[in-house]
Asker: 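Dropping a structure here in structure tokens format, bear with me for questions.
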Amino acid sequence: MGRPNEEVEALLQEYADLIAITGGDAFKARAYEKAARAIGGYPADVSHLDIKGLREIPGVGKSIADKVTEYLRTGTVTVVEERRAAIPAGVRELITIPTLGPKKALTLYEDLHISSVNELADAIQAGELEGLKGFGRKTEENILHGIALMQRAGGRILLHIAMDSAEDIVAELSRVTGCRRCAYAGSLRRMKETIGDIDVLVAADRSRPFMDALSELPSTGEVIAHGEKKTSIRTVKGVQVDLRVLPPGSWGAGLQYFTGSKAHNIRTRTIAIRQGLKLSEYGLFEADGGKAVASRTEEEVYARLGLPWIPPALREDRGEIEAGLRGELPEVVTERDVRGDLHTHTDLTDGLAPLEEMVAAAAGRGYAYYAVTDHAPNLYMQRMTDEKILAQRERLRALDGTRHRMRLLHGTELNIGPDGEVDWPDDFLEGFDLCVASVHSHFHLGREAMTRRLVRACENPHVNVIGHPTTRIIGKRPGIDADWDEVFAACARTGTALEVNAQPDRLDLGDEDILRARRHGVKFAVDTDAHSVLHLAYLRYGVGTAQRGWLTADDVVNTWPLPRLRRFLSKGRSS
DNA sequence: GCCGTTTTCGGCCCGACTGTTTTCAGTCG
């Protein structure tokens with residue numbers, strides 16, 4: 001069930017929330033938040049650290065180190081339990097609603113005894129908030145909107161949460177005697193941005209040991225169904241997992257069937273029918289007589305249907321069948337193609353790790369190049385100055401080439417102001433190897449103004465990548481409104497790449513927008529926007545999203561060799 | 001609660017925006 005670091009991070013974050021809700025010292029709450037984040041992003045396993053080791057983590061002092069130790073030893077922390085007893089869990093849930101923070105949550109709880117999102121929605125509908133101090137009509141609207149946004153995610157979970165659970169379960173089941181194959185399928189394998197439930201497949205002659213093993217995992221909270229062919233459980237984190245055990249001979253057909261999507265499978269089954277065949281999770285059979293013709297591998301099943309093997313990320317019935325039949329399936333970009341990350345942070349701004357550690361971790365991933373792009377001054381809270389970024393450049397140049405010959409690029413993440421302006425003048429920007437530029441404020445300009453703003457940013461001769469272009473946060477904040485076709489055209493015209501931001505709660509651009517942008521001839525940068533060493537591994541989600549957008553390596557500038565990338569970054573200026 | 005051009009306690013990411021106020025509190029990035 002996740003790394004101990006994540007458990008501790010969640011616990012400390014919860015404690016911070018509880019302090020905030022109960023009106024405790026805001027700085028104390030922030031101290032816990034900071035420590036939570038630092039522990040979550042800390043490379044070493046906290047359960048292997050003693051008090052001294054824990055206190056070496058930035059933001060962790062005596063008190064927090066003691067609480068972490070208490071948690072690791074006993075599984076609980078007394079003071080956290082006390083606060084939990086005082087505040088129902090549902091009250092904490094309230095602050096996950098955008099625009100609703102700890103103060104309003106406490107008012108709702110104390111004055112109206114509201115302790116869940118549903119109760120709040122009902123109370124607003126019933127007009128019970130009228131007259132409550134600080135809650136006007138507009139606030140009610142915003143809250144209802146926030147709740148709707150949350151519910152639209154429909155209990156679906158983010159990709160990386162599902163992936164962590166799925167990989168744990170696959171690892172566990174793979175150890176069970178008799179396991180021939182084990183893998184996750186479904187929307188997770190297709191790398192959809194949110195996941196409803198996790199499908200796990202096992203190939204084995206006997207199903208019982210696997211059904212039992214899943215039911216008995218420590219991460220299993222509740223067994224929903226326990227049968228011969230299928231077992232469903234809910235993890236302690238509330239994620240539903242469906243396990244199916246297939247005869248080894250049916251592995252390929254089963255994997256194909258349970259990977260979906262439904263729309264893709266309808267197409268493959270229709271093709272089978274037209275050829276006098278029948279396709280099911282057990283194999284491809286002759287319609288009359290039922291003789292099996294293919295089932296061992298996915299390749300075999302697709303081949304018998306006259307199709308090449310189709311990468312799971314493409315299986316959405318968005319033209320992949322037709323392209324496959326024509327032999328024009330794109331060779332989608334893979335993680336191996338990526339030569340470097342072009343958007344990353346260090347502890348000079350809001351990253352957790354120092355420059356040297358991020359660079360060492362990047363080198364460990366085998367990158368040919370790596371860009372450091374800390375925040376620029378207009379994101380005031382980061383307190384960037386000319387002196388600080390230039391000093392970082394010195395440090396970076398000194399490190400350049402010392403790590404497996406990986407080349408370092410010095411960049412920055414600029415802020416795109418409401419009129420499309422950025423933080424520094426041209427002559428200062430000239431000194432960077434590349435500039436990412438992103439929207440961090442003024443999310444509610446009108447469509448026209450927003451479009452003009454983004455186009456102007458593209459036209460800046462120093463802006464190379466538009467970071468997280470829509471600024472959406474999945475399940476929390478919709479993307480900004482702009483005439484995207486016009487923005488995409490501007491990107492193509494000016495040689496500005498669009499980012500596919502790999503943070504699992506962003507995945508921005510998303511697959512649909514990528515497909516649209518690609519038609520304009522835009523180039524892309526698949527970046528992690530890493531704020532810690534661990535985030536560098538999020539690249540896989542960005543690549544998955546890029547694949548869902550049908551991108552090839554040629555579409556993605558950070559798969560290119562460095563000289564070609566540098567030419568792109570010069571935007572036509574003589575360098 | 002953590003941290004320190006620091007040894008003992010004061011400052012802690014700072015500014016903008018929104019909505020509810022009528023001078024400001026709460027939330028967000």
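Reminder, nothing fancy here: chain letters follow the sequence lines and each chain counts from 1.
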Asker: Could you state the NE2-P distance from A:H468 to B:dG29, rounded to the nearest angstrom?
Answerer: 11 Å

Asker: What protein N or O atoms touch nucleotides 10-12 of chain B N or O atoms at under 3.5 angstrom, if any, and at what distances?
Answerer:
none

Asker: So, is A:Y380 close to the B:dC13 phosphate, meaning a side-chain N or O under 4.0 Å from OP1 or OP2?
Answerer: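 Checking B:dC13 against A:Y380, no side-chain N or O comes under 4.0 Å of OP1 or OP2.
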
Asker: Could you check which nucleotide pairs with B:dT8 in any of the strands shown, counting Watson-Crick or G-U wobble with both distances under 3.5 Å?
Answerer: none

Asker: Only counting residues at least two apart or in another chain, list the ones meeting side-chain hydrogen bond (donor to acceptor under 3.5 Å, both in side chains) with A:K523.
Answerer: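 Counting only residues at least two positions away or on another chain, A:K523 forms no side-chain hydrogen bond (donor to acceptor under 3.5 Å, both in side chains).
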
Asker: Can you tell me how far P of B:dG1 sits from CG of A:L12, to the nearest Å?
Answerer: 12 Å

Asker: Could you run through nucleotides 21-26 of chain B and give me one letter per nucleotide, 5' to 3': B if any protein heavy atom sits under 4.0 Å from the base, S if only the sugar-phosphate is that close, - if neither?
Answerer: S----S

Asker: Considering only residues two or more places apart or on different chains, which pairs with a residue in residues 29-40 of chain A satisfy side chain to side chain donor-acceptor pair (under 3.5 Å)?
Answerer: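 Non-adjacent pairs meeting side chain to side chain donor-acceptor pair (under 3.5 Å): A:Y32-A:K67.
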
Asker: Distance to the ring centre below 6.0 angstrom and angle to the axis at most 45 degrees; does that hold for A:R339 and A:Y370?
Answerer: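 Judged by the rule (NZ or CZ under 6.0 Å from the ring centre, within 45° of its axis), A:R339 is not positioned above A:Y370.
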
Asker: According to the salt bridge (charged side-chain N to carboxylate O under 4.0 Å, His left out) rule, which pairs have a member within residues 440-459 of chain A, sequence neighbours left out?
Answerer: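 Non-adjacent pairs meeting salt bridge (charged side-chain N to carboxylate O under 4.0 Å, His left out): A:R447-A:D481, A:E459-A:R493.
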
Asker: Restricting to pairs with a member in residues 92-111 of chain A, which pass side chain to side chain donor-acceptor pair (under 3.5 Å), not counting sequence neighbours?
Answerer: A:D17-A:R92

Asker: Given atom CZ of A:R477 and atom P of B:dG29, what is their separation to the nearest angstrom?
Answerer: 5 Å

